[in-house]
Amino acid sequence: MIRLFHRPRHASEARRALSRFASTMRVLCVAEKPSIAKAVASHLSGGEVQTHNTPEKYIKNYVFDYDFGRPWGKCQVTMTSVLGHITSAEFPPEYKKWEYPPPDRLFDAPVNVVVAADKKKVAENIEKQARHANALCIWTDCDREGEHIGYEICEAAKKGNRTLEIKRAKFSNIERAHIINASKNLINLDPKQVNAVASRIELDLRIGYAFTRFLTTNLRSLGGPFQNLLLSYGSCQFPTLGFVVDRYFRVRNFKPEPFWAIKVMHKREGIDVHFSWARHRLFDRAAVIVLYERCLAAKKAKVTKVQEKPTKKWKPLPLTTVELQKMATIFLHMTGQQAMEAAEALYNKGFISYPRTETDRFDPGMNLRALVQKQTQSHAWGTFAQNLVDGGFQQPRQGRNDDKAHPPIHPVTFAAPSVLNEQEKKIYEFVVRRFLACCSEDAKGVATDVDIIYGEESFYAHGVVVLERNYLEVYVYDKWTGSVQLPKFTVGETFEPTEALMTEGKTAPPNYLTEADLIALMDANGIGTDATMAEHIQKIQERDYVRTVPRTSRPDEADDVEGGRGRGDRGGRGGRRGRGAATNARGGVMDFIPTQLGVALIEGFDRMNFETSLGKPFLRKEMELKMKAICEGRTTKEVVLDESIQQYRHVYMQSQQKLSVLKAVGVLFWP
DNA sequence: GCAAGGTC
């Protein structure tokens, strides 16, 4: 057999091999993170690859030959990566002091973009490798931030070589065929997306620094507890605080209202059947008494409808970051931050896929069966996985979100429990059970509805019998409650109810926010990204704007919750009502409550600037819309920066004028 | 001492 390509064993051999391709293109490929560089290098090289260490311990350079097709043809390739952003935006040294110049000067101070201190080695590796290359191919994630990181890579590479031809690969997962296809269909970087991110970076810097200094220095003069506080403002941390404060006041200002209802019970075949009132409840006691007495006078109830029909409980959607964090805070005794740390550790050990994703649909081309197969060796869920392999496998449901950068979170290889710490074990187990649930069948049952007329009032009973648990067997976090079997009823029959009661209750306030609620609100309002939401929540605790306290039960209140939704709450995607923190068996639900300080800051801004209060989430949403407009070519970076800086400068000036209002509120809520 | 966004 003649081997056309083989790994050179000696340096001299390597040099001879190289000289044969003296006229070939040399292409430098750069990914956003080491794992992508490794995966892409492996696919493109077919395994014939030399691996070199770099001064940065996380980054390796992979050298191999590859044919990109037209126009580059066969190339010598070096594939490497960065570690996220390389550069950072900062103010010149003369703006470092807090006393002078005044904070509002930060709205028009120069902003320098420099290589971040901890990214020097990363940038140098790119620059050095670029010197030997004819072309640069960007392999960063295909999202907005990825586009900007791609631009940063270009700038670093140009320092080493001004004449590079620059291209970008467009890919949304790291399956071999998809990556090969991307390599043969290179496109250009999109300057619009780069500009959108550049605007975000500059505005967050200016606004964050200006208002942080404004708050800290001005309230310090109140003395007392404000003396040594750092009062930060950020476009994400403040709206997050705003949600907590808003819910706090909804709970505090809640006025309970009494209501009355009628409940009908009937015992048959040893089963107590509870018929609910079609009117649910009324807030008029006299009216309910009249209706109730008519029921009693009628003595007998008549069955008007009996319906049995097949029903399903749907298996969950493929796992996103937001959903992972919500589930971890509800079922795994973890904070969002802890969940992310464990998930990142699992990812870095190669056990699960990339944990920061908005995507809740698997690419149809992915070989999910092979991933299920890897779980058959588990003592806990191996049998379930084996059943899927043996024919039970079903393609997962497709959600509506696709970030075009990462697949849903899923297990990559089997991890024995002994190699994981406690937190990692819990997250790994959850990721696997969720994945197996996605690959199995919906739970199936039969639903029975019985309607009756009693007096002139309608009542109904609903029952479900679970026939096939299917995914519920492995996905222990879901329960199909209300699975009570109803006894036999026949349309037209009459019976005398065992019991008919008039009940009394009062509406209860909504609960304080749990971390899962808070994450859902941030998600729905576009506050932060999947990678940063947990950080913002941690930040407002560090700053002592909010605290968590164990939920105290409220046994005296009725079972009927009124409201329960915060400002701007439209329910996060994938969120389900009726599965809240309050109802699970975990024991200690933690509520988020603002401190006096947190309340004072939000109240202060609300009273100073009522048309554009910084505590409201819509300013962040506005920034999101403006970024989108830049991406779609409807506006430009320059216009957005100009408009936004003017707008925030106005809020700043107004805050300065009404400083006495802020201070008064500060004293009112003296921490 | 300050932001939010990547990633390790």
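These values consider heavy atoms only, across backbone and side chains, with no hydrogens, waters or symmetry-generated copies. Throughout, protein chains are lettered first and strands after them, A, B, ... in sequence-line order, and every chain is numbered starting at 1.
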[X]: ring-ring contact (aromatic ring centres under 6.0 Å, His included) partners, not counting sequence neighbours:
X        : result
A:Tyr347 : A:Tyr354
A:His410 : A:Phe362
A:Phe214 : A:Tyr652
A:Phe91  : A:Tyr209

Which nucleotide sits closest to the side chain of [X]: [options]?
X        : options             : value
A:Gln237 : B:dA4, B:dC2, B:dC8 : B:dA4
A:Glu32  : B:dT7, B:dG1, B:dA4 : B:dT7
A:Trp98  : B:dA3, B:dC2, B:dT7 : B:dC2

Report, one line per pair, each donor and acceptor closer than 3.5 Å where one atom sits in a side chain of residues 99-110 of chain A; sequence neighbours left out.
none

[X] [atom1] - [N] [atom2] separation (whole Å):
X        : N     : atom1 : atom2 : answer
A:Glu344 : B:dC8 : CD    : C1'   : 9 Å
A:Glu358 : B:dG5 : CD    : C1'   : 13 Å
A:Phe211 : B:dA3 : CZ    : C1'   : 13 Å
A:Phe214 : B:dG1 : CZ    : C1'   : 18 Å
A:Asn218 : B:dC2 : CG    : P     : 18 Å
A:Leu229 : B:dC2 : CG    : P     : 13 Å
A:Glu624 : B:dA4 : CD    : P     : 14 Å
A:Leu219 : B:dC2 : CG    : C1'   : 15 Å

* **Pair A:Lys326 + A:Asp517, salt bridge at N-O below 4.0 Å** =>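 Not counted as a salt bridge, because no side-chain N and carboxylate O are separated by less than 4.0 Å.
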* Short N-O contact, A:Lys158 and A:Glu127, less than 4.0 angstrom ->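 Not counted as a salt bridge, because no side-chain N and carboxylate O are separated by less than 4.0 Å.
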Do any side-chain nitrogens or oxygens of [X] fall under 4.0 Å of OP1 or OP2 in [N]?
X        : N     : result
A:Arg200 : B:dG5 : no
A:Tyr209 : B:dG1 : no
A:Ser232 : B:dA3 : yes

* To do: Determine which pairs satisfy salt bridge (charged side-chain N to carboxylate O under 4.0 Å, His left out) with at least one residue from residues 401-428 of chain A, sequence neighbours left out, and list them in order.
  =>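 For residues 401-428 of chain A, and leaving out neighbouring residues, the salt bridge (charged side-chain N to carboxylate O under 4.0 Å, His left out) pairs sorted by first residue read A:Lys349-A:Glu424, A:Asp402-A:Lys404, A:Glu422-A:Lys425.
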* To do: Between A:Pro34 and A:Leu230, just flag the one whose closest nucleotide in DNA chain B comes earlier from the 5' side.
  =>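 Its nearest nucleotide being more 5', the pick is A:Leu230.
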* Name the residue closer to the 5' end of DNA chain B, choosing between A:Thr212 and A:Tyr347 according to the nucleotide with the nearest heavy atom. =>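 That would be A:Thr212.
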* Residue pairs involving residues 220-244 of chain A (criterion side-chain hydrogen bond (donor to acceptor under 3.5 Å, both in side chains); sequence neighbours excluded) ->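 Checked against side-chain hydrogen bond (donor to acceptor under 3.5 Å, both in side chains) - neighbours excluded - the pairs reaching residues 220-244 of chain A are A:Asp204-A:Ser235, A:Ser221-A:Lys663, A:Ser232-A:Gln237, A:Ser232-A:Arg543, A:Ser235-A:Arg620.
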* Would you say the side chains of A:Thr80 and A:Asn125 form a donor-acceptor pair under 3.5 Å? ->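 Per modelled atom types, A:Thr80 and A:Asn125 side chains form a pair under 3.5 Å.
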By a strict heavy-atom criterion of less than 4.0 Å, which residues belonging to [range] are in contact with DNA chain B?
range                       : answer
residues 138-148 of chain A : A:Asp141, A:Glu145
residues 526-548 of chain A : A:Gly528, A:Thr529, A:Ala531, A:Thr532, A:His536, A:Lys539, A:Arg543
residues 79-96 of chain A   : A:Leu83, A:Gly84, A:His85, A:Ala89

Review item, side-chain donor-acceptor pairs of residues 137-147 of chain A, under 3.5 Å, at least two apart:
residue	atom	partner	partner atom	Å
A:Thr140	OG1	A:Gly146	O	2.9
A:Thr140	OG1	A:Arg168	NH2	3.1
A:Asp141	OD1	A:Lys33	NZ	3.2
A:Asp141	OD2	A:Lys33	NZ	2.7
A:Asp141	OD2	A:His406	NE2	2.8
A:Asp143	OD1	A:Gly146	N	2.8
A:Arg144	NH1	A:Glu624	OE2	3.4
A:Arg144	NH2	A:Glu624	OE2	2.8
A:Glu145	OE1	A:His85	NE2	2.8
A:Glu145	OE1	A:Arg200	NH2	3.1
A:Glu145	OE2	A:Arg200	NE	3.4
A:Glu145	OE2	A:Arg200	NH2	2.9
A:Glu147	OE1	A:Arg168	NE	2.9
A:Glu147	OE1	A:Arg168	NH2	2.8
A:Glu147	OE2	A:Arg168	NE	3.3
A:Glu147	OE2	A:Asp190	N	2.9

* To do: Can you sort out the partners of A:Gln654 under side-chain contact (heavy atoms from CB on, under 4.5 Å), two or more places apart, ordered by chain and number?
  =>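 Partners of A:Gln654 under the side-chain contact (heavy atoms from CB on, under 4.5 Å) test: A:Asn609, A:Glu611, A:His650.
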